[in-house]
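Below, each value reflects all heavy atoms present in this structure, side chains not excepted, and no hydrogens, waters or symmetry copies.
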Amino acid sequence: MSREFDEHIRELMDQPQPVSAELERDLANLVSLNLHFGAHRLIRRFLSGWFRPERAYRVLDLCSGAGDLPRTIIDWARERRITVRIDAVDANAATLEMAKRWSASYPEIDWHQSDVLTFDPPHEYDLVHCSLALHHFSDADAALLLKRCRELTSRYALVTDLVRDTATKLGIWLLTSLVYREPMTVHDARLSARRAFSFGEMRSLATAAGWENFGHG
């Protein structure tokens, strides 16, 4: 099962567009998927292993989307008296506007509209985080994104994504047939399953990007 990627075909959420009820529903669906299918648990587990109480950390979140993962990081940190400042980056202006609106009570987040491949960071970071975005890029750009994640942190990088296999394709087809049935979500989720990388491909991308001594699972 080979990867299907055509740079001329974009996910609907990636296209330039105004703020709309359709985009808002799609982003809300992505937040729900992150909550119920492990993305929030994964980042909390990672933080528990590396961030220490009463310390201060700076985080870069790339392809932030609705901003739910930066908010999850801050909620976790607040409970432990950990100071976190987050630079959150997304290329889509409408998505960024909604993320800002939903994050009004999170002054720890600074928002940036930028291409993540060319973003000029104002800081070096303790953690660079990128969730469920790698499959939006060509093989070459995905390797470049991984290289940037490695270069922009002095300590940790966490990159997560879908894995391309039969279980993922079937699971997404069922979810978008029975639960998340909005047209934008259906289109993008099913396209994402075909664009995702296999475990072996992700390991090869990380190696090509210069990653060493990294976990992969």
Side-chain angles (χ1 to χ4, degrees), residues 1-43 61-70 72 88-99 102 115-117 129-146 149 158-206 216-217:
M1 185 194 316
S2 60
R3 184 183 189 223
E4 299 178 27
F5 185 87
D6 184 339
E7 63 182 7
H8 301 295
I9 299 175
R10 304 174 70 180
E11 295 193 23
L12 298 179
M13 70 173 297
D14 290 337
Q15 297 179 8
Q17 59 194 290
V19 172
S20 67
E22 182 182 23
L23 180 60
E24 185 169 0
R25 287 193 298 269
D26 183 59
L27 291 173
N29 284 341
L30 294 179
V31 172
S32 176
L33 286 162
N34 283 341
L35 176 63
H36 293 103
F37 290 92
H40 290 196
R41 291 191 299 274
L42 177 61
I43 188 61
D61 188 75
L62 298 174
C63 304
S64 294
D68 56 305
L69 291 169
T72 297
V89 184
D90 200 276
N92 188 290
T95 295
L96 204 63
E97 182 175 334
M98 280 185 277
W102 293 336
D115 182 339
V116 296
L117 298 179
H129 175 247
C130 183
S131 177
L132 295 174
L134 207 64
H135 64 273
H136 290 248
F137 297 88
S138 68
D139 289 28
D141 283 345
L144 178 58
L145 178 55
L146 288 174
C149 288
L158 176 62
V159 178
T160 62
D161 204 1
L162 299 170
V163 60
R164 189 184 73 251
D165 59 18
T166 301
T168 297
K169 293 183 72 172
L170 178 59
I172 286 177
W173 187 88
L174 287 172
L175 282 170
T176 54
S177 296
L178 302 174
V179 183
Y180 301 98
R181 299 173 62 185
E182 284 76 15
M184 184 181 290
T185 303
V186 172
H187 174 275
D188 286 359
R190 294 181 181 183
L191 181 59
S192 293
R194 300 194 300 272
R195 287 181 152 188
F197 295 96
S198 69
F199 272 123
E201 288 165 348
M202 288 194 70
R203 174 170 284 277
S204 295
L205 287 172
H216 175 245

Check: Taking atom OG of S198 and atom CG of L205, what is their separation to the nearest 0.5 Å?
Finding: 9.0 Å

Check: Can you check side-chain contact (heavy atoms from CB on, under 4.5 Å) on L27 and M13, steps first, answer last?
Finding: CA-CA 9 Å; L27 291 173; M13 70 173 297; 4.0 Å; yes

Margin query: Under the rule for side-chain hydrogen bond (donor to acceptor under 3.5 Å, both in side chains), what residues qualify as partners of T168, not counting sequence neighbours?
Written below: D165

Note to self: My understanding is that only residues two or more places apart in sequence, or in another chain, count here; which of them pass side chain to side chain contact (heavy atoms under 4.5 Å, CB included) with D68?
What the structure shows: V31, N34, H40, A66, R71

Check: How would you list, by chain and number, every residue that makes a side-chain hydrogen bond (donor to acceptor under 3.5 Å, both in side chains) with D26, sequence neighbours excluded?
Finding: T185

Checklist line | Residue pairs fulfilling salt bridge (Lys or Arg N to Asp or Glu O under 4.0 Å) with at least one residue in residues 10-20, sequence neighbours excluded | finding: none

Margin query: Could you work out, with side chain to side chain contact (heavy atoms under 4.5 Å, CB included) as the rule, every residue matching A189, not counting sequence neighbours?
Written below: I172, T176

Check: Which residue pairs satisfy the salt bridge (Lys or Arg N to Asp or Glu O under 4.0 Å) criterion with at least one member in residues 180-205, sequence neighbours excluded?
Finding: E4-R194, R164-E201

Check: Which atom names give the shortest non-hydrogen contact between A206 and L146, and what distance separates them?
Finding: N-CD1, 3.7 Å

Notebook entry, point to check: Quick one: NE2 on H136 to CG on L191, what's the gap to the nearest 0.5 Å?
Noted result: 8.5 Å

Check: Sequence neighbours excluded, which residues qualify as side chain to side chain contact (heavy atoms under 4.5 Å, CB included) partners of S138?
Finding: F5, A140, D141

Margin query: Give me the atom names and distance for the closest heavy-atom approach of M202 to F197.
Written below: CG-CB, 3.5 Å

Note to self: Between E22 and P183 (side chain of the first, backbone of the second, donor and acceptor by atom type, cut-off under 3.5 Å), is there such a pair?
What the structure shows: no

Next item on the list: Give the minimum heavy-atom separation between A142 and F137, together with the two atoms involved.
Entry: N-CB, 3.8 Å

Checklist line | With sequence neighbours excluded, residues passing salt bridge (charged side-chain N to carboxylate O under 4.0 Å, His left out) with D139 | finding: R3

Notebook entry, point to check: Mind checking whether L33 and L175 have side chains closer than 4.5 Å, heavy atoms only?
Noted result: yes

Margin query: Which heavy atom of C149 sits nearest to which heavy atom of V159, and what is that distance?
Written below: SG-CG2, 4.0 Å

Next item on the list: Report the distance from atom CE of M184 to atom CD of E24, rounding to the nearest 0.5 Å.
Entry: 11.5 Å

Next item on the list: Starting at CG of D161, measure out to OG of S131 and round the result to the nearest 0.5 Å.
Entry: 8.0 Å

Margin query: Return the CG to CG distance between L132 and L162, rounded to the nearest 0.5 Å.
Written below: 5.5 Å

Checklist line | Test side chain to side chain contact (heavy atoms under 4.5 Å, CB included) applied to V19 - qualifying residues, sequence neighbours left out | finding: A94, E97, M98, R101

Note to self: I need the D90 CG to L96 CG distance, nearest 0.5 Å.
What the structure shows: 6.0 Å

Checklist line | Shortest non-hydrogen contact between P18 and L23, atoms and distance | finding: O-CD2, 4.3 Å

Notebook entry, point to check: By side-chain hydrogen bond (donor to acceptor under 3.5 Å, both in side chains), which residues pair with H187, not counting sequence neighbours?
Noted result: none

